[in-house]
Number of protein chains: 2
Amino acid sequence: MSTHPPQPRHRRGSDQPTLAQVAEMAGVSSITASRALNAPERVNDATRQRVLDAMDRLGYVPNLVAGSLASSRSRFIAVIVPSLANTVFIEVIKGLQSTFEAAGYQILLGNTDYDIEREHRLVRTFLGWSCSALVTAGLRHTDACRKLLKGCDRPVMEVMELGDALDLNVGLDHVEAGRAMARHLVDRGYRRPLFVGARLGDDYRAQMRYRGHAEILEAAGMSPTVLELDQLGSLEAGAAGLERARRETPDVDAIHFANDDLASGALLHALRLGIRVPEEVAIAGFNGLPLGQFITPRLTTIQSPRDTIGRLAAQELLQRLEGKRVTRRQHDVGFELLIGDST
Amino acid sequence: MSTHPPQPRHRRGSDQPTLAQVAEMAGVSSITASRALNAPERVNDATRQRVLDAMDRLGYVPNLVAGSLASSRSRFIAVIVPSLANTVFIEVIKGLQSTFEAAGYQILLGNTDYDIEREHRLVRTFLGWSCSALVTAGLRHTDACRKLLKGCDRPVMEVMELGDALDLNVGLDHVEAGRAMARHLVDRGYRRPLFVGARLGDDYRAQMRYRGHAEILEAAGMSPTVLELDQLGSLEAGAAGLERARRETPDVDAIHFANDDLASGALLHALRLGIRVPEEVAIAGFNGLPLGQFITPRLTTIQSPRDTIGRLAAQELLQRLEGKRVTRRQHDVGFELLIGDST
DNA sequence: TACAACAATGTTAGCGCTAACATGTTAGCG
DNA sequence: CGCTAACATGTTAGCGCTAACATTGTTGTA
């Protein structure tokens, strides 16, 4: 019945030196050793030096897991993107990373593969790591995920597009971007423009651009048409798209591609086939990737400020994390129509 | 003198539900609730279902920080790369990420910006998070960092190039890759090849390729020359490199670029200027990026299996993490000379 | 029938750190 | 010189979870 006092159990996790050992060596209590690292101004200079020396001698590496549990704060920023194959997200990550790393935060990277169920699972995991903030690409989430994000009491940043966000939002208006390009095509006198995208089912931001495109065409009395390729966006897909477009709709005079990968592929392919651009067919893209701007004729496209999205999102979050009240929850980073020689 | 028993202090970290609350609701002890999640086979099905229901009702999110401290294991894989601007590293990350995420690990991403002091700091931080393993690009580290990695009792994987590694190593032989391309150029009859790189000081793998290149040229009785651009590698830099090369060494008959970005830029620029490739000047690269293979004339380059590096590294690490003894510490993923029409 | 082997669950004691409070020590000042 | 404020350091008790061992009941089997 009675539980006999069992012999003491020992369980040292790793054999790494601990703060207590450092403290002992320096002849102070462990809280002083802790403060020597985390609140140096609260410790006498000489004492602090002794502690730091002891750390050095022991090869002490702070156990951040323990610290995080005790303080219920980690210095993680969860970043969730739908794909790593797409330069666009990489550049956003780059912007986030450089700003956060400088402020002493770590990036926890998650990839949803365009699956919002996976996003939900990642959000749970990252919340479990008590991340300080979450950044996620896009406004689409499962209901459960939205609930989780709303109730998690941490800043949540949704990037890429603008809309009805949960908390903070940095991005651009993709419908408006679609409109801008379509307007440009209509203004230039193209009368049978075609919108060509790859895997539009996944890429709903491209769908939004198409919506803007369609709107303008209808307003101008033309009937919008879309051609969907089932390959992933790539140079080859763009080349194939050009051929299919001209075969299936021989009177097409302008192709508005969903992004620059497709558009550049089409443009290079047109050069190769001797199709004159823009005389025989105009080509336009979206993103403003370096390749499109390097080719002759230069690609007409829309510059999306991806690095800016990352940096601005990071700055806003840092403000919030430092306790400052954020006045604007939404930031439109805009876009720029780059008129090249392909339209 | 005597410490009076102070009133009990309370300190709830967050107001998230805890395992204990879940356990209470399900009418079990917290260890059973824990096992319901982490070792389901050790819990009766009916009990487990009660626990899971309770978790659901409370909106329980496991505190992974606490779990990690208690078990002194995290499911983090630290990945340290020198840059996110370079596709090459992104593709390695992609390979690592897809394999590890499927196995239930999280990626902790660090960027050194080609600074080994920063690498050292990142390693410390990541070790502090008790990551399960570390992956780092390259074999160059500070002495302190090397010591840390050697003593950390966790699998360490060095990727990209082969050499005298700390623990595990997956990569390819860059000197040999440089030799292979130089041999190809010599075999094709080029007699005044030039090696052109960007920021070679940072990019020591490119330096290794140059070493291989130089070796072959010397063996063939030619004198190797290198032209270093001070811009970052890009299409523009490649174009500039082509012009500078032809201006400064007018008799150059082949340019061996340090990578495909430069080579593709040069190739497209040559087309634009009407310089015939390879008749007037041959162009070769390294990496096998899609653009080079898409252009006509197709770029002669070396395919580096970046995705494979990531996947293989991840697989080997998983083996190790599952306790299997790893027999081979080093894996040469090789490379493939892609002979295009530009040489 | 006794006893091992297993399955299901519980008890206890940390993991290594920091928040919250307490205490001692020195400086500042009328 | 007494009192307070500011500084420097210490004590205690967790943070939420899981390892290690303990306990019970159930089954198989020699």
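Each chain gets a letter, A, B and so on, in the order the sequences are listed, and its residues count up from 1. Below, each value reflects all heavy atoms present in this structure, side chains not excepted, and no hydrogens, waters or symmetry copies.
Checking D:dT18, D:dC17, C:dC17 against every side-chain atom of B:Thr18, the shortest atom distance belongs to D:dC17.
With B:Asp113 contributing its side chain and B:Asp115 its backbone, the two residues share no donor-acceptor pair below 3.5 Å. For A:Ser34 (side chain) and A:Ser30 (main-chain N/O), no donor-acceptor pair under 3.5 Å exists by modelled atom type. Counting only distance, with no hydrogens or angles, the side chain of B:Arg75 and the backbone of B:Gly104 share a donor-acceptor pair below 3.5 Å. Side chain of A:Asn169 to backbone of A:Glu161: a donor-acceptor contact under 3.5 angstrom is found.
The shortest distance between the side-chain N/O atoms of B:Tyr60 and the OP1/OP2 oxygens of D:dC17 is below 4.0 Å. Neither OP1 nor OP2 of D:dT18 sits under 4.0 Å from any side-chain N or O of B:Arg73.
Protein atom CD of B:Glu24 is 15 Å distant from nucleotide atom C1' of D:dG16, rounded to whole Å. Atom CG in A:Leu37 sits about 8 Å away from atom P in C:dT18, given to the nearest Å. Atom CG of B:Leu69 and atom P of C:dA13 are 18 Å apart (whole Å). The CG-P distance, from B:Asn63 to D:dG14, rounds to 17 Å in whole Å. In this entry the distance linking CG of A:Leu19 with P of C:dT18 reads 6 Å, nearest Å. Atom pair B:Leu58:CG and D:dG16:P shows a separation of 14 Å (rounding to whole Å applied). In this structure, B:Gln16 atom CD and D:dG16 atom C1' are separated by 12 Å, rounded to whole Å. Residue A:Leu64 contributes atom CG, which lies 18 Å from atom P of C:dC15 at whole-angstrom precision.
Counted within 6.0 Å of CD on B:Glu24, heavy atoms from surrounding residues, nucleotides or ligands total 12 or fewer; the atom is thus considered open. Open room surrounds CZ on A:Arg73; 12 or fewer heavy atoms of other groups in view lie less than 6.0 Å from it.
Side-chain atoms of B:Thr136 and B:Glu119 form a donor-acceptor pair, as typed in the model, at a separation below 3.5 Å.
A salt bridge is defined here as a Lys NZ or Arg NE, NH1 or NH2 lying under 4.0 Å from an Asp or Glu carboxylate O, and A:Asp53 with A:Arg50 fails to meet this definition.
Axis angle across the helix from C:dT1-D:dA30 to C:dG30-D:dC1, with five pairs used at each end and values rounded to 10°: 40°.
Contact check for A:Glu158 versus A:Leu149: no side-chain heavy atoms found under the 4.5 Å cut-off.
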Taking N or O atoms only and anything under 3.5 Å, show me the protein contacts with nucleotides 5-9 of chain C, one pair per line.
residue, atom, partner, partner atom, Å
C:dT9, OP1, B:Thr47, OG1, 2.7
C:dT9, OP2, B:Asn44, N, 2.9
C:dT9, OP2, B:Thr47, OG1, 3.4

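Annotation: of the two residues near DNA chain D, B:Ser68 and A:Ala66, the 5′-most nearest-nucleotide partner is A:Ala66.
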